[in-house]
Structures are given as C-alpha cells and as structure tokens.
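One structure is given below, encoded as structure tokens.
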Amino acid sequence: MASLLWLAHVLCFLLFHLHFQASSLSFSFNSSSAAMLCQHDQSLALLQFKKTFSITSNASSWDFPHPKPYPKTESWKEGTDCCWWDGVTCDIETGNVIGLNLSSSLLYGTIHSNNTLFFLPHLRKLDLSNNDFNRSQIVPQFGQFFNLSYLNLNYSVFEGRIPLEISYLSGLVSLDLSRNNYLILEATTFNELVHNLSQLRELDLSEVNMSLVAPSSLMNLSFSLTSLNLHSCSLEGKFPDISHLSVLVSLDLSGNYDLIQESTYFKKLVQNLTQLQELDLSGVNMSLVALSSLMNLSSSLTSLKLSECQLQGKFPDISHLSVLVSLDLSDNYDLIQESTYFKKLVQNLTQLQELDLSGVNMSLVALSSLMNLSSSLTSLKLRRSQLHGKFPDISHLSKLVSLVLSHNNFNGEIPSSFGNLKQLDTLSLRNSSLGGQIPSSLGSLKELFILDLSYNNFNDEIPSSFENLKQLEEMYLSNNNLTYLDLSNNLLHGPIPSSIFKLVKLSVVILSSNKLIGEVSSAVCELNSLQILDLSNNSLNGFMPQCLGNFSNNLSVLHLGMNKFHGTILESFSIGNNLRYLNFNGNQLQGKIPPSICNCINLEILDIGNNNIDDTFPHFLATLSKLQILILKSNKFHGLVKGTSTNYSFSKLRIFDLSNNTFNGPLPAEYFNNFKAMMIFDLNMKYMGAPNYSSYDYSVSLTLKGLEIELVKIQTLLTSIDLSGNKFTGEIPQSIGKLKSLKLLNLSHNQLTGNIQPSLGNLSNLESLDLSSNLLVGRIPMQLTYLTFLEVFRVSNNQLEGPIPEGKQFNTFDSISYEGNLGLCGFPLEKCDNGERQQPAASKEIDSKSKIGFGWKVVSAGYGCGVIFGIAMGYVVFKTRKPAWVVRMVEGEGHRKLKRFSN
C-alpha cells in the first residue's frame, strides 16, 4: 500500500511539473531559462502551500526567546521571484528551492498528504517550528525528502504516531520533533530511526511520548551525535551504557522520573564523554550513583543540572569545573554542602551566571562565603537551604536578575545594599525570619516584576519609594506586622494610601482583614491590569466606585464584602468582562440588582447577602450558565420565586440561599428540577478559587447547622438550599428528593403546609434538615431514618403527630428538635400509647366529663386553645434556649495566600 501511494504521488508530481512546463513555453530557451522554469514550478507550489493556511493573530501562545512571530508568507507574491521570498533559500546554480524556514510564521492549519509542500523534492533544510498545525499528524510524505539534512518541527502542535518513513531520511544531520506533547514514538520506528540515521549529529525528541521505547535502544544511537535531548519523554527503567557517544557536547535526559541511573554506567559516562559541555539529568533517579564520580566530570562542562535526582551524602569537590556557567543541584534534600568545598566552588567558578542550591542542606556553610560569589551571577536561588545568621552584603552581584532566598532563618533586617541590585526583576525573601523596616532602597529596583516579602516580621510603613516600581506586577507582603499599607491579615488602619494606585501594572491587590477606613478612590480603576481586588473585612465606607464594573476585562475577582459601603450595586457591567467572583456581602447597599450583571457570563459566585436590596427575585440570573453559588440572604427581596421549565436554568448551582427575605407563594419546584449539580454526587473534592492564582480561595458567608460563619474555603462538594425566614406557602415539593448530593436543607420559619415528603429520605448525603416553625401536619416519615449522615434535625413548632422514628441518627436528637408539636411521642419525648401520645391525667378527666355532659365541639375548642398556647410557649423556649449541640466547623482555618513562582 505504501509503495502504491508513493507511485501515485510521483505521478501527481510529474503531471504538476509537465503542466507548468507547458504553460511556460513562451520563455526563451537560453542557459538561464532552465532555472526560471524550475523556479516557476516551485513558486506555484509554494503559493498553493500558502493558501493552505490561515494567519493567526494570537501570537501570545508562542514562547520566547524565539524570534517574535510574524507572517513570513505575506511576502510571497505571484509574479515575483520566489528565491527572494522571506524564508525561502534557492540553489544559486539551478534555482531549486533547497531551504524553507517558516519558523514562528503564525501559520494555522493542517498538513495533509497531498500538500504541495511535498512538490519540493530538492529541500535540504525544512523548519516549520513554532506554528500551529492544529494537531494534525506527521504524514508519511515527510519521508520522501531524501535530500533533507535538517528537519525542525518543534512546538508545532502535531499529534499521533511518528511515521516510520521519517527513518528514510538517512541524510539527516539534525532532527527536532520536540515539544509536541501529543506525539508518540513507537519502539519499531525508533529502532529504525537510530539504525538508518547514521549521520545524525543533533536529535531532540523532548516531550515526545517514548514510553513504548526500551532505554536499551539508546545504545544503538549514532556515534556522531553531538546533541541528545530526551527531556520528559516518559522513559522508564534502567538507563543503559551510552558512553560510546564520545563526541556528545549536550545531553539532556531530565524529567524522566522513572528512569534509573546506575553507578557503573554513570561512571563510564563521565569518563568517556570528555567533550561534554551541557549535562541535565534533573528528575532522573541517581540514588545509586556514588557522589565521588562527579569529580570526574568533564572540565569542559558549562552547564550541570542535577535537580531532584535523589542525591544523598556530602557533595564532593567539583571546583575543577572552572568554566561552569550554570549549576543546579536543587531539591536534593539529603545532599549536604560542606563549607570547605563550597568556599572552593565560589572561588574557582568565576564564570558562573546561574546557581541554584535550593533544598540542599547548607547549614554548615558560612554566610560570609556568599560575598565571594562570582560577580557575573544573574540568578541566585537558595530556597529552603537551612541558611542562618545575618545576611551578608552581596551588593557586588550587580548583574543579578533573580534572587530567591525564601524559607531560611536569617536574622536582622534586609541589607539596604540590596538597593544596588538594579537589574533585579524577582526578589523573594518569603518566610525568612527577617524583621525591622523594609528599606526604602528597594524602591530603586525599577526593573522589579515580582516582590515577595511575606511571612516575615516587618513593621512600620511600606516605603513611599515603592511608587517608583512601575514594572511591579506581583507584590506579596501579607502576614507581617505592618500598620499602614493595605495588605491582608495585618493591623493596617487609616485610608488606603494613594501611592498604591500608581503601581499601574499590579495584577493582584489584597487588602482584606485590616482596619482600613474611608472611601475607595476611583483611582483604583487606573490599575487596569488587575485580576484580583479584595478589600473585604475592613471598615471602608461611601459609594463603591462605579468604574469597577467596566474598567478592565482582566478583573476576575471583586470582593468588597464586610465593609460599610452604601448606595447601589455597580450599575454597569461591561460586555466581555471576565468576572467570576462577586462578593458584596455585609454592606448597606440598596436599590435593585442591575440586569447588566448578565454580562458577567463567567460568573461562578454571586454573594450580595446582608444588605438592604429591595427587589423581586432576579430571574435573569438564570442565564448565567456557570453560576454555582447564589446568596441573596437577609435583604428586602419580595414576591414570587417562580422558575421556568428551561432545563439549563441554574443547572450548575450548588448553593442557593434566599433566607431572611419576604418571598411568598409556593417553593420554586421548577428550579429544583433544574438543579442538575445537586442531583449528582461528585467525589472529586476541590476548593473554589481564582483560576490563575491557585492559592487564592473564594469565600462566602453561610448559616451552617445553625451558626453564621464565613467559609474561608468552599468545597466543591458542599451543596446547600436555605429558604428559611420567608413567607413561602403550600406543600414541600416532592422534586426536592432528586437532589441527592444535598448536604444542608433549611425551609424553617415559613408557612409551609401538608406532610413532610417521604422523598426527603432519598437525600442520602444530607447532614442538616430544618423544617421548624411551619404549619406541617401528619407524621415524621420513617424514610428519614435512611439519612445516616444527618447531624441536625429540626421539626419543632409545627403540627406533627404520631411516633418519632427510632434507630440510627434519630437516637441522637434531643427534645429541642421536636418541641412545639403536641401530637408527637416517643424518644426523646414521652412514650407513645398505642401509637399516640399519652394524654395527661387532667385531659382524661375532662374526656370522661365530656361523655357525661360536654359536647365534642366544646372540647375541640378548648383543645385548640391549648395547642395555640403550647406552640406559643414552645416558640419562646426555642428562641431563648441555647442549642444542645456544637456545630462542627466545615472548613479548616487558613488565610488566603498567593504564589506564582517557586519559593
């Protein structure tokens, strides 16, 4: 079949060639016309190739340091010489296209087997890297470029099996199929590839799935290889002897966490690979390797990366690696760096630019030795390195771009000399036992992009010089003892300082849980890169800046809850906004919910509880298809809550809280039928939070099992319906029984009538059921005994009768759960007499007298008055008596934290 396809393709090419040769007869036949004819054929093939693809305008997905993407094919014009087109190289003598470099050309589309690209048989170099070929397969026709010496398909969104035909390219010197995460290289293809590509010098298959390839196959790789990159290829097992690759200059096997490097083979590798300049084995299991063998590493090494290799013991002297530019031994937590060897290392490695010893035990290293580090360093990372003592002066490291010293045990203050590190864009001193004032000299670090000083003991004000940090996008100062600036969980007081609104590139501002007062300036809307704005749990007042509804499409979190804002909710939410979390709970807001909130199509949480909103139920919120939590509690909402028959209304809703308003009419059975997310029990427990900031957790205020609490974390497993404290009438809908994942159901303090639905027994995950203070009649259904997780059960102050169900959870409820129901009997109330509550002696006497001279109407009237009196007294007892149980807290403690980079 493959040969037939090849024959058909050759015939197509000949026809294509003859067609354009015939159309070119008008050209003169001199010594140069042959080149023009050939060039004409290939230019038409290239123009047809161009038409196959569209030019995508989304260049944000392309990685740097690639050259900035631009559409090279736009210079390809019909009637012009293709040899002058951008990315095209021709043979000077023949005019044949021998090179095609379309790297980073914004190409989008699919390469099929009949693509005119394959009408260029003279290609020696083909580079299609850094484009988007829409997860198309690498077709076998790539194998017909017999003259090809260079093929680069890096990062171009190919998927599927790598075809066997790639191994036909026996003249290849360089092959790069890397960073196509969905490519699979099978064992047979790889074996043919290493067998036939005997001239190969550069092979890059990083991030290609090679889980089907036995590592022993690597022993057949070409002797001529100078560069081998198999990063994150899912290789597993024992790594073989590849010491025959004696001319290797670069070897990268990192990210293969199931690959084991044995001591014997590693010793041979370092002895024979004498030309090696770059070695990266990060993530490979080297626990069996003797550390002393590192002393034999090639002195020509410029880069050595052994991160997460499970190295253990005392690290040897490698100061002979005097030309090292990059050294990474991070996250080998059983590795010990001794002071003597470290001192020799920093003295001899004078060309070092990147040093990462994070996680290595450096408790024996004198901090003063850091003062001898190479002045050429651009990156220094010593996170979790057990460093202790006063931090030395490292101002001589003037080329530093990244400095990460977090999670150590320094003492004293930040040296003011840090202000001399003018090139810094990342500074992390998180959780490093530092204190005192933050030096104003940090304000001179004008290239700073990320600043993390959180979890220390800094006090006093944030320096006013910080307003000079125009490039700053992430600043973390929480959990200190600051008293001025607006940062979470401190003792900050006074108004929000205006200087923060000058940091126009900030993406996150969290000032929650302080003592801030005053109004919020509309200047906050000048921070148009904001993604999270959290001013909650303060005493801020005045009007909410109306611009917050439409100043930026980047904003996803807006939390202004638990303040003293008044006026109306933001009236204008812009189309295309990215808001996911809106929390205005606990203010003094009035007016109505604006319909423009429907423009927040990504909204997951809306909490406007505990305000003074005077409105009917906002039915238009049902159009928000991603809404999971809706809290309207404790406002002045009124009228009917009547749902629609649309199957998608509130289909993802998991928390529905309308409590303590004046809604009336029947319960919204139509909505219950649409609560799809409450019908399926999801075992995948997660916490809800900001999508781009995994450590920022959403929070809401709920009444859980009788207590008003703030959930600082919201489990996706939590489902709750609270319609208590309204004027709902009619019967409990049977459809509630469909909501099988429901954990909390509160219908108390309404005017519900009829029986308790037996279908409530289907709510197998229910933990709290409160039906108290209604007009319910009849018996408590035996089906409720099936609720084995039920911790709280209240039916007090109704008109229930008959025996209380026995067994399981019903043996744990006390009399408070049932008081105010004169007809109930059984544990924990009085025993039942023939299935009914025993009458007191006085009642029996009255009953006997009724047989003598009193009519049944008189008795009924008297009994009715007694019932009313009993209910009233029971209500008083219920309102004044403390609960007999302790509410179990649903969530753990913890403050919100943000982290975007390793500390």
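Using modelled atom types and a 3.5 Å distance limit, the side chains of Y108 and N134 yield a donor-acceptor pair. Side-chain contact of S330 with S307: a donor-acceptor pair under 3.5 Å is present, judged by distance alone. When only modelled atom types and interatomic distance are considered, S156 and N131 share no side-chain donor-acceptor pair under 3.5 Å. If you check the side chains of Q261 and N285, you find no donor sitting under 3.5 Å from an acceptor. Side-chain N/O atoms of S326 and E354 include a donor and acceptor closer than 3.5 Å. Looking at T116 and Q48, their side chains never bring a donor and an acceptor atom within 3.5 Å of each other.
Side chain of S556 to main chain of Q531: a donor-acceptor pair is present (N/O by atom type, distance under 3.5 Å, no hydrogens or angles). Here the side chain of N154 pairs no donor or acceptor atom with the backbone of N130 at under 3.5 angstrom. Although no hydrogens or angles enter the test, the distance criterion places a donor-acceptor pair under 3.5 Å between the side chain of D91 and the main chain of T94. The backbone N or O of R580 lies less than 3.5 Å from no partner atom in the side chain of N602, so there is not a single donor-acceptor pair. No donor-acceptor pair closer than 3.5 Å links the side chain of N115 to the backbone N or O of S113. A donor-acceptor pair under 3.5 Å is absent between the side-chain atoms of H122 and the main chain of N147, judged by distance alone. Remark: side-chain polar atoms of S206 are not paired, donor with acceptor, to backbone N or O of N229 under 3.5 angstrom. Although no hydrogens or angles enter the test, the distance criterion places a donor-acceptor pair under 3.5 Å between the side chain of S222 and the main chain of S198. Panel note: side chain S298, backbone T274; a donor-acceptor pair is recorded below 3.5 Å. Between the side chain of S75 and the backbone N or O of D86 there is at least one donor-acceptor pair closer than 3.5 Å.
Under a cut-off of 6.0 angstrom, the local environment of CD1 in I575 is sparse, with at most 12 non-hydrogen atoms contributed by other residues, nucleotides or ligands. Atom NZ of K50 has more than 12 neighbouring heavy atoms from other residues, nucleotides or ligands inside a 6.0 Å radius.
Within the 4.5 Å cutoff, the side chain of I166 has heavy atoms near those of the L175 side chain. Residues D127 and L102 fail the side-chain proximity criterion, which asks for heavy atoms closer than 4.5 Å. The closest side-chain heavy-atom distance from L203 to D176 is not below 4.5 Å. In this structure, the side chains of L228 and L221 come closer than 4.5 Å at one or more pairs of heavy atoms. Two residues are said to be in side-chain contact when any heavy atoms from C-beta on lie closer than 4.5 Å; Q137 and R161 fail this criterion.
Taking the six-membered ring for Trp, F266 and F239 have ring centres at least 6.0 Å apart. Remark: aromatic rings of F142 and F118 are close, center separation under 6.0 Å.
Nearest heavy atom pair, residue I55 against residue S105, reads CD1-O, 4.0 Å. For I111 against V139, the heavy-atom pair with the smallest separation is O-CG1, 3.8 Å. The two residues N180 and L153 have their closest heavy-atom pair at ND2-O, 3.0 Å. The two residues S552 and L530 have their closest heavy-atom pair at OG-O, 4.1 Å. Closest heavy-atom contact between N101 and K72: O-NZ, 3.3 Å. Contact detail for P240 and M219: the closest heavy-atom pair is CB-CG, 3.5 Å.
Between C83 and C90, a gap of under 2.5 Å is found separating the two SG atoms.
We find that K626 and E604 are not joined by a salt bridge, their nearest charged nitrogen and carboxylate oxygen being 4.0 Å or further apart. Between D328 and K381, no side-chain nitrogen of the basic residue sits less than 4.0 Å from a carboxylate oxygen of the acidic one, so the salt-bridge criterion is not met.
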Inset, instruction - Could you walk me through whether S129 and S103 pass the side chain to side chain donor-acceptor pair (under 3.5 Å) test, one step at a time? - result: CA-CA 5 Å; S129 63; S103 174; 3.0 Å; yes
Inset, instruction - Could you give me the CA-CA distance, side-chain angles and deciding distance for E202 and S227, then say whether side chain to side chain donor-acceptor pair (under 3.5 Å) is met? - result: CA-CA 5 Å; E202 299 173 350; S227 176; 5.9 Å; no
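The side-chain tip of R135 does not point at the ring of F158 from less than 6.0 angstrom away and within 45° of straight on.
Here the CG-CG distance, from L218 to L253, works out to 8.0 Å after rounding to the nearest 0.5 Å.
Between F49 and W76, the angle of the ring planes lies from 30° to 60°, which puts this pair in the tilted group.
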